[in-house]
*Asks:* 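Below are the structure tokens for one structure; questions will follow.
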Amino acid sequence: GAGVSQSPRYKVAKRGQDVALRCDPISGHVSLFWYQQALGQGPEFLTYFQNEAQLDKSGLPSDRFFAERPEGSVSTLKIQRTQQEDSAVYLCASRLTGGTDTQYFGPGTRLTVL
Amino acid sequence: AQTVTQSQPEMSVQEAETVTLSCTYDTSENNYYLFWYKQPPSRQMILVIRQEAYKQQNATENRFSVNFQKAAKSFSLKISDSQLGDTAMYFCASTPNSGYALNFGKGTSLLVTP
């Protein structure tokens, strides 16, 4: 596709449920990022992939958060046993190379945990 | 680590007028990149302009320009001839040349009025 896509756009989960958020980066983009954006805040870094390798997961809030990109394209962010504090917009971004090119963002998935 | 501060939570400007959004940052890096991203209500984050810190010349993209003051660690965005479509959240962000993740400020909500 022409841009980064994410699905679902909206997700409502009951506390304790597991959720999976999908990101389709721009075709051919090497780098992929996940960010978490709480209401009224700027995005905060969660994790970074270069191809299929997860090079940095230092921003993941807890071991309930897990991300993968097994074939170096589509990525999934999984949150286990969701908590109310996980409610946020989860943004995915991709970049052509591993350098400092522009990151292109998807529309985000708004997660609400009840 | 890099921190980014946007001191104006909300701003308003009339159509066709000029507005300046402020951003300061803190970094120990010598080489880094600075960005302004726009996030309309649809939530797709769009790059407005980027500046490479080693370049003296201020970046310009059509109606958007920056005032980059490296010594003062200031990176303001000027929007000329404001249009209704400029209404959005604006985020200032930085990334070191040695890094990859974007560090965002908390954003400035800009409202353009007729």
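These numbers come from a predicted model, not from an experiment. Within every chain, numbering begins at 1; the chains are lettered A, B, ... in the order of the sequence lines, protein sequences first and strands thereafter.
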*Asks:* Between atom SG of A:C92 and atom CE of B:M45, what is the distance when rounded to the nearest 0.5 Å?
*Replies:* 12.0 Å

*Asks:* What's the spacing between A:R95 CZ and B:L102 CG if we round to 0.5 Å?
*Replies:* 8.0 Å

*Asks:* Looking at residues at least two apart in the chain, or sitting in another chain, which of them share a side chain to side chain donor-acceptor pair (under 3.5 Å) with B:Q14?
*Replies:* none

*Asks:* What part of B:Y37 is in contact with chain A, defined as an atom under 4.5 angstrom from a non-hydrogen atom: side chain, backbone, both or neither?
*Replies:* side chain

*Asks:* For residues A:Y90 and B:M89: do they belong to one hydrophobic cluster (side chain heavy atoms under 4.5 Å, members Ile, Leu, Val, Met, Phe, Trp, Tyr)?
*Replies:* no

*Asks:* Is atom CD of B:Q44 surrounded by more than 12 heavy atoms (other residues, nucleotides or ligands) closer than 6.0 Å?
*Replies:* yes

*Asks:* Report which part of B:I46 has an atom under 4.5 Å of a heavy atom belonging to chain A: side chain, backbone, both, or neither.
*Replies:* neither

*Asks:* Would a single hydrophobic cluster contain both B:L47 and A:L91, if residues Ile, Leu, Val, Met, Phe, Trp and Tyr are joined by side-chain heavy-atom contacts under 4.5 Å?
*Replies:* yes

*Asks:* Do B:M11 and B:V4 sit in the same hydrophobic cluster, where Ile, Leu, Val, Met, Phe, Trp and Tyr count as joined when their side-chain heavy atoms come under 4.5 Å apart?
*Replies:* yes

*Asks:* Other residues, nucleotides and ligands only: do more than 12 of their heavy atoms fall within 6.0 Å of CD on A:E85?
*Replies:* yes

*Asks:* For B:R63, does the CZ atom sit with more than 12 other heavy atoms under 6.0 Å from it, leaving out its own atoms?
*Replies:* yes

*Asks:* Relative to chain B, which segment of A:Q37 carries a heavy atom at a distance below 4.5 Å: side chain, backbone, both, or neither?
*Replies:* side chain

*Asks:* Please indicate whether B:K73 has more than 12 foreign heavy atoms, meaning atoms of other residues, nucleotides or ligands, lying under 6.0 Å from its NZ.
*Replies:* yes

*Asks:* With sequence neighbours excluded, give me every salt bridge (charged side-chain N to carboxylate O under 4.0 Å, His left out) pair touching residues 46-61 of chain A.
*Replies:* none

*Asks:* Considering only heavy atoms and a distance below 4.5 Å, find which of A:G42, A:P43, A:A93 pairs most often with chain B.
*Replies:* A:P43

*Asks:* Under a single-linkage definition using a 4.5 Å side-chain heavy-atom cutoff for Ile, Leu, Val, Met, Phe, Trp and Tyr, are A:F65 and A:L32 assigned to the same hydrophobic cluster?
*Replies:* yes

*Asks:* Sort A:V4 into side chain, backbone, both or neither according to what part of it lies under 4.5 angstrom from a heavy atom of chain B.
*Replies:* backbone

*Asks:* Determine whether B:L21 and B:I49 fall in the same hydrophobic cluster, where Ile, Leu, Val, Met, Phe, Trp and Tyr are linked whenever their side-chain heavy atoms lie under 4.5 Å apart.
*Replies:* yes

*Asks:* Please lay out, stage by stage, how B:Q39 and A:V89 fare under the test side chain to side chain contact (heavy atoms under 4.5 Å, CB included).
*Replies:* CA-CA 13 Å; B:Q39 190 176 41; A:V89 175; 5.9 Å; no

*Asks:* For the CG atom on A:L39, are there more than 12 heavy atoms of other groups (residues, nucleotides or ligands in this structure) within a distance under 6.0 Å?
*Replies:* no

*Asks:* I need the contact set between residues 68-83 of chain A and chain B: heavy-atom distance under 4.5 Å, sorted by residue number.
*Replies:* none

*Asks:* Determine which residues belonging to residues 103-114 of chain A lie within contact range of chain B, meaning some heavy atom pair is under 4.5 Å apart, and list them by number or answer 'none'.
*Replies:* A:Q103, A:F105, A:G106, A:P107, A:R110

*Asks:* Could you tell me which portion of B:E52 (side chain, backbone, both or neither) has an atom closer than 4.5 angstrom to a non-hydrogen atom of chain A?
*Replies:* neither

*Asks:* Grab the two heavy atoms, one from A:F45 and one from B:A101, that are nearest each other, plus how far apart they are.
*Replies:* CD1-CB, 3.4 Å

